There are 2 protein chains.
Amino acid sequence: MDGKPGLRERKKRQTHAAISDAAITLFLEHGFNQVSVAQVAEAAEVSKRTLFAYFPTKEDLVVHRLADHETEIARVVRARPPRTAPLTAVREHFLEGLRERDPITGLNDHPQVLRLTRMILDAPSLVARMERFKAGAERALARALRETADTPELTARLAAVQIVAVHWALAQDNADRLAHGEPADTRYAGAVADTEHAFALLENGLRQLAAQR
Amino acid sequence: MDGKPGLRERKKRQTHAAISDAAITLFLEHGFNQVSVAQVAEAAEVSKRTLFAYFPTKEDLVVHRLADHETEIARVVRARPPRTAPLTAVREHFLEGLRERDPITGLNDHPQVLRLTRMILDAPSLVARMERFKAGAERALARALRETADTPELTARLAAVQIVAVHWALAQDNADRLAHGEPADTRYAGAVADTEHAFALLENGLRQLAAQR
DNA sequence: GGCAAAGGTATACCAGGTGCAGAAATATCC
DNA sequence: GGATATTTCTGCACCTGGTATACCTTTGCC
């Protein structure tokens with residue numbers, strides 16, 4: 001489809017990568033808030049104005065790498081085998097992510113990943129950006145549920161927000177533990193158990209929640 | 001406890017209110033992003049520095065009014081009658097909110113409220129701020145569940161994120177409809193039905209989600 | 001009334017982000 | 001291959017949110 005990307009196109013990609021790489025390197029080294037976009041631009045040998053032509057905000061310098069994941073759950077639901085419940089597909093996908101130590105599950109303890117996670121958590125504006133991400137994931141998943149499982153509008157939205165919320169809670173929990181020094185391999189069994197528990201809760205509802213007091 | 005707030009204290013409250021009022025007035029009239037903090041400060045007859053002494057960020061000029069609601073769900077759970085399930089308490093509280101047209105349920109169509117909602121939705125930074133709000137509500141609710149229903153750590157967190165997510169989805173749905181012109185009184189019946197449906201889903205789980213395809 | 005402390009102000013400053021006019025590089029047409 | 005049109009990059013000035021500093025005013029209190 002594009003045997004000839006064209007010089008202009010290639011340079012664009014190159015510049016994009018140069019800026020992104022310079023940004024990540026500097027941010028990991030000194031922290032997100034400690035590095036100005038001017039410094040990033042200088043390191044990438046590009047004007048500040050050009051940097052903003054490629055990345056609309058400073059946060060995007062980091063977050064654009066995760067853009068694919070925004071619709072990941074929705075894609076999993078759409079691509080599920082016939083007669084499989086959406087929830088089952090999402091659960092299996094998450095378990096597979098755990099097995100593969102996919103960073104999105106929070107269960108990857110490579111120093112680079114750990115530092116990136118810490119960097120994001122230390123920068124409020126980046127955390128806020130991640131929340132918007134979640135909202136995007138919810139919308140995409142709601143659509144997928146409507147279109148592939150004939151789920152009514154409201155039910156789809158409700159299911160979507162619940163699933164995404166649980167997904168993130170699990171990942172965050174894993175990431176927290178690894179951030180506190182627990183090795184991924186040690187955490188693995190617990191992460192699997194927690195995942196099973198969480199999806200069982202989703203499937204069976206909160207009825208079981210004690211009513212005492 | 002304080003029959004004599006003291007002059008200093010009174011002036012502080014007064015200044016606080018003056019700034020907040022000036023801000024809301026200007027924001028409602030011209031839009032959040034169209035008004036600078038300098039203009040708000042000028043309207044409130046206060047220096048910019050003073051404004052930031054009272055409100056840490058521009059967003060807080062709007063959001064501080066909702067601060068109480070951050071822990072509202074958690075308080076409802078803590079204050080529930082004996083042997084009542086947390087979920088029941090939250091549902092009843094939401095239904096009561098609908099009856100009273102509490103703006104937090106999205107079912108208040110007073111022009112002021114409508115304009116405020118629109119203003120918030122039109123300003124990405126305010127939306128982001130609301131998301132942080134949600135996160136705070138989740139934490140508070142998780143604690144309440146742990147402390148009043150002996151819910152284990154993970155279960156409490158999972159339940160909390162689900163409940164808060166559904167709560168917000170319902171409110172947002174109502175707000176959306178009113179924003180599109182539907183009167184609150186017309187929407188009321190549907191809002192109640194949707195609420196019942198949503199909480200039934202929470203209670204019974206997503207098992208029912210069709211597995212077709 | 002006088003003094004310490006709290007609170008307010010003016011000013012200057014930093015960082016993220018945008019608008020604009022022109023220079024430089026790339027693509028296109030002859 | 002060269003002239004031209006188009007895209008992209010750049011430098012610069014500027015706006016806005018937010019902070020630091022240093023100084024002044026008000027309040028509380030003896």
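As the structure is a computational prediction, the values presented were derived from the model and not from experiment.
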Between [X] and [N], does any side-chain N or O lie under 4.0 Å from OP1 or OP2?
X: Tyr54(B); N: dG7(C); result: no
X: Lys11(B); N: dT27(D); result: yes
X: Ser47(B); N: dT9(C); result: yes

How is [X] classified with respect to the nucleic acid when contacts are heavy atoms under 4.0 Å: base, sugar-phosphate, or nothing?
X: Ser36(A); result: sugar-phosphate
X: Lys12(A); result: sugar-phosphate
X: Val35(B); result: sugar-phosphate

Would you mind telling me which residue lines up with the more 5' stretch of DNA chain C, Val46(B) or Thr57(A), judged by nearest nucleotide?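 In this pair, the answer is Val46(B).
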
Provide, to the nearest angstrom, the distance between the [atom1] atom belonging to [X] and the [atom2] atom belonging to [N].
X: Leu51(A); N: dT10(D); atom1: CG; atom2: P; value: 10 Å
X: Asn33(A); N: dT19(D); atom1: CG; atom2: C1'; value: 14 Å
X: Lys58(A); N: dG17(D); atom1: NZ; atom2: P; value: 18 Å
X: Glu9(B); N: dA5(C); atom1: CD; atom2: C1'; value: 15 Å
X: Ile19(A); N: dT8(D); atom1: CD1; atom2: P; value: 13 Å
X: Gln39(B); N: dC15(D); atom1: CD; atom2: C1'; value: 12 Å
X: Glu45(B); N: dT25(D); atom1: CD; atom2: P; value: 18 Å
X: His16(B); N: dG7(C); atom1: NE2; atom2: P; value: 14 Å

Plane angle bin for Phe94(B) and His167(B) - parallel if under 30°, tilted between 30 and 60°, otherwise perpendicular: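 Perpendicular.
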
Should the pair His64(B) and His16(B) be assigned to parallel (<30°), tilted (30 to 60°) or perpendicular (>60°) ring geometry?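 Because their plane-to-plane angle is over 60°, the rings of His64(B) and His16(B) count as perpendicular.
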
Does any donor-acceptor pair link the side chain of Lys48(B) with the base of dG18(D) at a separation under 3.5 Å?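 Indeed there is one.
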
Is there, by distance only and without an angle test, a donor paired with an acceptor across the side chain of Arg49(A) and the base of dG19(C) below 3.5 Å?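 Present.
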
Cut-off 3.5 Å, side chains only: do Ser20(B) and Arg65(B) have a donor facing an acceptor?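 There is such a pair (donor and acceptor under 3.5 Å, judged by atom type) between the side chains of Ser20(B) and Arg65(B).
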
Before accepting this row, confirm whether a basic side-chain N of the pair Arg129(B)/Asp60(B) lies closer than 4.0 Å to the acidic partner's carboxylate O.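 A salt bridge is present here (some side-chain N lies under 4.0 Å from a carboxylate O).
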
Does the ring of Phe32(B) carry Lys58(B) above it, NZ/CZ under 6.0 angstrom from centre and within 45° of its axis?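 Yes, Lys58(B) lies over the aromatic ring of Phe32(B).
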
